[in-house]
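Okay, structure first, notes after.
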Number of protein chains: 2
Amino acid sequence: MPGRRLTGKDAYHEEPPNARNTLRSIILGLLGARPMTGYDIKQAFDRAIASYWNAGNSQIYTTLKALEHEGLVESEVVIQQHRPNRKLYRLTPQGQVELEVWLQESAPERFTKDEFLAKLFFCGQTSDEIALRHLIEHHQALEAQLAHMEWVLQRYTQRPARRPHLLEYQLLVREYKAETLRADLTVTERAIARLHERIAGQQPSGVAEREREP
Amino acid sequence: MPGRRLTGKDAYHEEPPNARNTLRSIILGLLGARPMTGYDIKQAFDRAIASYWNAGNSQIYTTLKALEHEGLVESEVVIQQHRPNRKLYRLTPQGQVELEVWLQESAPERFTKDEFLAKLFFCGQTSDEIALRHLIEHHQALEAQLAHMEWVLQRYTQRPARRPHLLEYQLLVREYKAETLRADLTVTERAIARLHERIAGQQPSGVAEREREP
DNA sequence: TCCATCATGTAAGGTGTTACATGATTGC
DNA sequence: GCAATCATGTAACACCTTACATGATGGA
C-alpha cells in the first residue's frame, strides 16, 4: 500500500486543470439521497436524468471505484440469496462536503451539442424532401421523449415519496424539460407545415411518384 | 496519385465502429458553402453555430489535417502581405460525396448534456437561496444568448446573401434555437417567481439554521 | 427454449477541452 | 505602451461510447 498516510488525494493529486467532473458530482448527488449500487445509479439515469445527462455502465462503475479510492464514498457488499450480490455505496463526510461545494458553485453555461440542428443548418445543400424527412423524424423523437417523461412521471408521483423536498426540484427539472420539448415540437411542426406547402407548390410536374392534394 | 483505383480510403481505413465524426461533417458542411481557412471556420462556429455545437482551434486544425490526409478536402496557401498567410481549404469531389451522405443520414437522437439541469435536479439537498441564485444566473445566461443571437442575426441579414437557399435553413435553425431559448426563459422566470414567494413566506425569523415544518 | 432482469465489471479507441506557443499589424 | 485581431498550430489529458465478458433466476 503505497503512500497511504497522506490521505490519498491531497498529497499528489492536485486536481488537473482540465477536470469538469460532472458525472462524479451527479453520482455524489444521487448517493446524497440514499445509498445505491452501480445498477441503481444506472437505473436512475435511465429513468430520471437521461434527458439531460447519461452515462454507460462502464463509466459508472469506474467512477464509483475512483470515488471510493479518493474517500468520497464507501461501499459495503450486501449478500443476496437468489441474485448477484449488491455493492452498496454511500457518501462519506468528505463526499458530502464535495457535493455541497458542487451544489453551491455556479454551473458554467457551456454550449450543448445537438447533431440534429447541426445537420439542419446545412440542409440548404441538399433537397427539401430530405430536410422534411429529418424534421419529421425529429418530431417523432420529441414525441417519444415527452411520452417517456410522462410515463416515468406517473411511477414517480404515485408513491408517497421519501423526501418531498428533494422531489420538488426533480419535478421542476422535469417541468423545465417538458416545456422545452413542447416548444421544440411547436417549432418543428411549423417548419414541417411550411416545407410541405413549399414542396407542394413548386412541383406541379410529377417528380417520381408522389401524389398531392387536388 | 497513390491507390486511386480503390477510391482512397476504402482500402485500409475500415471506419472504426466508434466514430461519430460530427465535427468532421460540420466542417465539410461549411466548406460546402465556400472555401475557408481554419480561422474562418472558428469564426463561423463562434458566430453562427456555437449555440448547438462548438470546437476549439486545436480540434479544428487537427481535423482539417485529417480530412486533407483522407482526401476529402484540399488546401492552397494564399500569401498575404501584412498578415499571416492563409491556408484555404476546399472540398474535393470525395468530400462532396461524404457531405451528401451525412446530410441524408438520419441523425441519431442522443441525449444532450446540461450541467445546469443536472445541478438543479439535486438542489433539494441545499438551500432554496442557492437554488434561486442558480436560476437567476441561468436566466441571465439565457438572455445573453438570445441577445447574441439577435446581434449576429443583423450582421447576417443585412448583406444581400450569397446563396439565399443556404441561408433559409440557417435561419430556420436560428428560429428553432430562439424559440427554445424563449421557452426556457419563461419556465425559468416562473420558477424564480415561485421560489421568491416561498422564501419570502417562510422566513420572517432568522436565516441561519432552518429546519421545521409546522 | 428464449429472453428479460439483476448485477458487476474491462478494454479499446474516439471526442473534446485547456493550456501553451508564436509573431506581425492595427487601433487606442 | 497595451490590447485586440489575424493566423496556425502542439501536447496533455479528461471525458464518453461501444463492444465485450460473465452468470444466475424467473417468466412467456
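Bear in mind the structure is a predicted one, so any value in this text is a computation, not a measurement. All chains are named by letter (A, B, ...) in the order of the sequence lines, taking the proteins before the strands, and each is independently numbered beginning at 1. All values below were derived from every heavy atom in this structure, side-chain atoms included, with hydrogens, water molecules and symmetry-related copies excluded.
- We find that B/Glu179 and B/Arg182 are joined by a salt bridge, their nearest charged nitrogen and carboxylate oxygen being less than 4.0 Å apart.
- Among the atoms of the strands shown, none is found under 4.0 Å from any heavy atom of B/Gly56.
- For B/Arg133 and B/Glu129, the salt-bridge test fails: no basic side-chain N is under 4.0 Å from an acidic carboxylate O.
- Classification of B/Glu70 and B/Arg24 as a salt-bridged pair holds, one side-chain N sitting under 4.0 Å from a carboxylate O.
- Taking atom CD of residue A/Glu115 and atom P of nucleotide C/dG14, one finds them 17 Å apart after rounding to whole Å.
- Between the CD1 atom of A/Ile41 and the C1' atom of C/dA7 there is a distance of 13 Å, rounded to whole Å.
- Below 30°, between 30° and 60°, or above 60°: for A/Phe121 and B/Tyr52 the angle between ring planes is between 30° and 60°, a tilted geometry.
- Listed pair B/Gln43 / D/dC6 meets the phosphate criterion, a side-chain N or O lying under 4.0 Å from OP1 or OP2.
- For A/Asp128, the side-chain contact (heavy atoms from CB on, under 4.5 Å) test picks out A/Leu195, A/Arg198, A/Ile199, A/Gln202, B/His165, B/Tyr169, with sequence neighbours left out.
- Closest contact between the side chain of A/Lys113 and the listed nucleotides C/dT17, C/dT8, C/dT10 involves C/dT17.
- Residue B/Phe45 contributes atom CZ, which lies 12 Å from atom C1' of C/dG16 at whole-angstrom precision.
- Between the CD atom of A/Gln59 and the P atom of D/dA19 there is a distance of 16 Å, given to the nearest Å.
- Taking atom CD1 of residue A/Ile27 and atom P of nucleotide D/dC15, one finds them 12 Å apart after rounding to whole Å.
- For residues 75-91 of chain A, proximity to DNA chain D is found at A/His82, A/Pro84, defined as any non-hydrogen atom under 4.0 angstrom from a strand atom.
- Atom-to-atom, CZ of A/Arg47 to P of C/dC6 comes out at 8 Å; the value is rounded to the nearest Å.
- Taking 4.0 angstrom as the limit, B/Lys65 places a side-chain polar atom (N or O) nearer than this to OP1 or OP2 of D/dT10.
- OP1 or OP2 of D/dC15 has not a single side-chain nitrogen or oxygen of A/Thr22 nearer than 4.0 Å.
- Between A/Arg20 and A/Tyr39, the residue whose closest nucleotide on DNA chain C is further toward the 5' end is A/Tyr39.
- Between B/Asn57 and D/dT8, a side-chain N or O to OP1/OP2 separation shorter than 4.0 Å is absent.
- Across the protein-nucleic acid pair, A/Tyr61 atom OH and D/dT22 atom C1' stand 13 Å apart, rounded to whole Å.
- Close to C/dT17, at under 4.0 Å from its OP1 or OP2, lies no side-chain N or O of B/Ser58.
- For the pair A/Asp46 CG and C/dA4 P, the interatomic distance rounds to 16 Å; values are reported in whole Å.
- Using modelled atom types, one finds no donor on one side chain facing an acceptor on the other under 3.5 Å when comparing B/Gln154 with B/Glu150.
- Contact between the side-chain N/O atoms of B/Asn21 and the OP1/OP2 oxygens of C/dG14 is not found at any separation under 4.0 Å.
- Atoms CH2 and CD, from A/Trp102 and B/Gln125 in turn, are 9.5 Å apart once rounded to the nearest 0.5 Å.
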